[in-house]
Amino acid sequence: MKRVCILGSTGSVGVSTLDVLARHRDRYEVFALTAHSRADELFAQCLQWRPRFAALPDASQARDLQQRLRGAGCPTDVLAGAGALCELAAHPDVDAVMAAIVGAAGLAPCLAAARAGKRLLLANKEALVVGGALFMQAVREGGATLLPIDSEHSAIFQCLPEDPSTWHARIDHIVLTASGGPFRTRDPATLRDVTPDEACAHPNWVMGRKISVDSATMMNKALEVIEGRWLFDLPPEQVRVVIHPQSIVHSMVVCRDNSVLAQLGTPDMRVPIAYGLSFPERIESGASRLDFASLATLSFEAPDFARYPGLQLAWDTLRGPEGSTTVLNAANEEAVAAFLAGTIRFDQIHSVNARTLEALSIAPDEAASIDALMALDTRSRRCASQHVTTLAR
Ligand code: NAD
Ligand code: MG
């Protein structure tokens, strides 16, 4: 039995992970579940799974949950605070950690899992965008097994041999596919009027609100370019993007001989999650099978950088001073939160990101350690929220 800790179990990826685990109760045991605010959902998950631990950041919410669980005869111990996430992610009894927290808030527990040498299933792309080379160093030094859960990176991982030391010699470049989100064909002049609900209505995937907005701006793809650079140790120019509206081809590896390897399937996160859990084996995921006869078309087009100005920031920040991707991620988290709260317009998300990158100059020591990067993250958020305030006037 493998014991699994799910960070962010109440979110979209967290719930899909439990769905896969429910199909394999003979192989996996849920050791810990954590959430941010949805205590009722966490309560229901604890009753169903009876994990050894649960965690919530807020101490009084955690006490309430503990009482409710005891009242219901559930043996789960509830921990409180951000430190609890690191403790659980590195717990000696944990085999695999699903990192499904959204945003830079997931970095610390991801690092704890990496340093403790866990099998780390990484959905939380922001953690890698913030931590960059230092994150990958922690994975190496801790002897962790890092498995991509983002569907594009899982696709590339599935196209490559198991031994990473063979990758460099065979890859010319990788191509991340992008659906283009809900506004691929919308008149750009109307993008300023987009509402949060319109931005979150993704054509192919049902996801949390932050990643849904990122998909609409294509900042999600920008973060994924940065993620791909680190996961596969490729220079920025060897990570490319193509629009593929059907989300059937999940990404591709173009080899040195121009042979192209692709991974296909219905858009369902349970496939990369099941592969992350069972690698190098394969287990049932619950996803429906692709029906080739009813697939009308698979189409591809170049991304329109005028429609999606944020996409270019991936390569710009990767080529910029170290720490630039940390600044971009922090600005974007602030900008998306402000858009979802109705404070700024959809098209102003990019303005906040671009202005924050322009305004901040990064000293070399600000990217010298994880603590320094976290301080840079805080400084970038302050700068971004000033831009938000200015735009909101
Ligand atoms: P979500 O908003 O649905 O869920 C986020 C989870 O994290 C929730 O359980 C929430 O309680 C928890 N959380 C939020 N803020 C937290 C904080 N500050 N501290 C601790 N816990 C916190 O998000 P999601 O769509 O499941 O995405 C999770 C991550 O996976 C993101 O990084 C996203 O980019 C990535 N991802 C998601 C999908 C998808 O299909 N949803 C696909 C690829 C990658
Ligand atoms: Mg993705």
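Atoms within each ligand, like the ligands themselves, are counted from 1 in listed order.
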shortest atom 34 (O) of ligand 1-to-protein heavy-atom contact is with K125 CE, 3.1 Å
Could you tell me whether F157 and F232 have their ring centroids closer than 6.0 angstrom? no
Among protein heavy atoms, which sits nearest to atom 4 (O) of ligand 1, and what does the distance come to when rounded to 0.1 Å? G11 CA, 3.1 Å
I211 heavy atoms within 4.0 Å reach ligand 1 at atoms 25 (O), 33 (C), 34 (O), 36 (N), 37 (C), 38 (C), 42 (C), 43 (C), 44 (C)
Within 4.0 Å of some non-hydrogen atom of M269, the atoms of ligand 1 are 40 (O), 42 (C), 43 (C)
Quick test: of every protein heavy atom, which one is nearest to atom 43 (C) of ligand 1, and how far off is it to 0.1 Å? D150 OD1, 3.1 Å
Minimum-distance protein heavy atom relative to atom 23 (O) of ligand 1: G208 CA, 4.0 Å
The protein heavy atom nearest to atom 28 (C) of ligand 1 is A100 O, 3.4 Å
For ligand 1, which atoms have a heavy atom of V13 less than 4.0 angstrom away? 26 (O), 30 (O), 37 (C), 38 (C), 39 (C), 41 (N)
Using a 4.0 Å heavy-atom cut-off, say whether R209 meets ligand 1 through its side chain, its backbone, both or neither. neither
Hey, is D40 close enough to R68 for a salt bridge, meaning N to O under 4.0 Å? yes
Atom 13 (N) of ligand 1 sits nearest the protein heavy atom H36 CB, 3.4 Å
Min heavy-atom dist K210 to ligand 1 below 4.0 Å: no
Does even one non-hydrogen atom of A35 get within less than 4.0 Å of ligand 1? yes
May I ask you to identify the nearest protein heavy atom to atom 41 (N) of ligand 1, giving residue, atom name and distance to one decimal place in Å? S12 OG, 3.1 Å
